[in-house]
Participant: 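Sharing a structure, written as structure tokens. Questions coming.
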Amino acid sequence: MRCPFCKEDDSRVVDSRTTDDGAAIRRRRECSACGRRFTTAENTVLLVAKRSGVQEPFSRAKVIGGVRKACQGRPVSEDDLGRLAQRVEDSVRAAGIAEIPAMEVGLAILGPLRELDEVAYLRFASVYRSFDNLEDFEAEIALLRAEGEPLGHEPASNASTAKSSQSR
């Protein structure tokens, strides 16, 4: 590592610490020529590969911006959006690869967004999955209902059956 003071190429590491939950390493170095100390930071870069072939660094702000549009008018706070973006970043970094397709980032958004707000999830999914007609929305809503039946509540058909058997 080149010394920023004397431009000597030789320095030694005095101290190393991880920061940002292990995503970066901060190193304290000492120049062997002039003896001055300086700090370096090593960061991992997660690249997102778009369909066009362009690569860009992963951005939590970009995730928040896209999800914010889907959450417009919904009871979702900025803190909720920040936590969602953190979950998405953690999820895509857990894959352990340096370059992730943009499609995978979108898929990583869908799960946490569904837990956060189902209406926002439908809005996001309709754009992300390119819903073409009403049937696409109906199919997704049916899937939400089938997978997300609230605990402790009977489906409408069972509730009416229970009432009719009680009245006998």
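For the single chain, residues carry numbers from 1 onward in sequence order. In what follows, every heavy atom counts, from backbone to side chain, and hydrogens, waters and symmetry copies are set aside.
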Participant: Kindly indicate, with the supporting measurements, whether the criterion side-chain hydrogen bond (donor to acceptor under 3.5 Å, both in side chains) is fulfilled by E140 and Y121.
Facilitator: CA-CA 10 Å; E140 193 66 31; Y121 164 81; 2.6 Å; yes
Participant: Calculate, to the nearest 0.5 Å, the distance between atoms CG and CG belonging to D117 and L84 respectively.
Facilitator: 11.0 Å
Participant: Can you check salt bridge (Lys or Arg N to Asp or Glu O under 4.0 Å) on E115 and R87, steps first, answer last?
Facilitator: CA-CA 12 Å; E115 292 172 18; R87 284 181 64 189; 3.0 Å; yes
Participant: Is there a donor-acceptor pair closer than 3.5 Å between any side-chain N or O of R36 and the backbone N or O of P4?
Facilitator: no
Participant: Would D80 and R83 satisfy salt bridge (Lys or Arg N to Asp or Glu O under 4.0 Å), going step by step from the backbone distance to the final call?
Facilitator: CA-CA 5 Å; D80 292 335; R83 282 189 294 275; 2.6 Å; yes
Participant: Tell me, please, which residues at least two apart from S59 pass side-chain hydrogen bond (donor to acceptor under 3.5 Å, both in side chains).
Facilitator: none
Participant: With a sphere of 6.0 Å drawn around CD of E135, does it hold more than 12 non-hydrogen atoms of other residues, nucleotides or ligands?
Facilitator: yes
Participant: Are any of the side-chain nitrogens in E42 or R26 under 4.0 Å away from the carboxylate oxygens of its partner?
Facilitator: no
Participant: For R27 and T40, which I'm curious about, is there any donor-acceptor pair between the side chains at under 3.5 Å?
Facilitator: no
Participant: Between L107 and L47, is there a shared hydrophobic cluster once you connect ILVMFWY residues whose side-chain heavy atoms come closer than 4.5 Å?
Facilitator: no
Participant: I'd like to know if E147 pairs up with R114 as an ion pair, taking the criterion as any Lys NZ or Arg NE/NH1/NH2 lying under 4.0 Å from an Asp or Glu carboxylate oxygen.
Facilitator: yes
Participant: Supply the atom-to-atom distance D15 CG to R37 CZ, rounded to the nearest 0.5 angstrom.
Facilitator: 9.0 Å
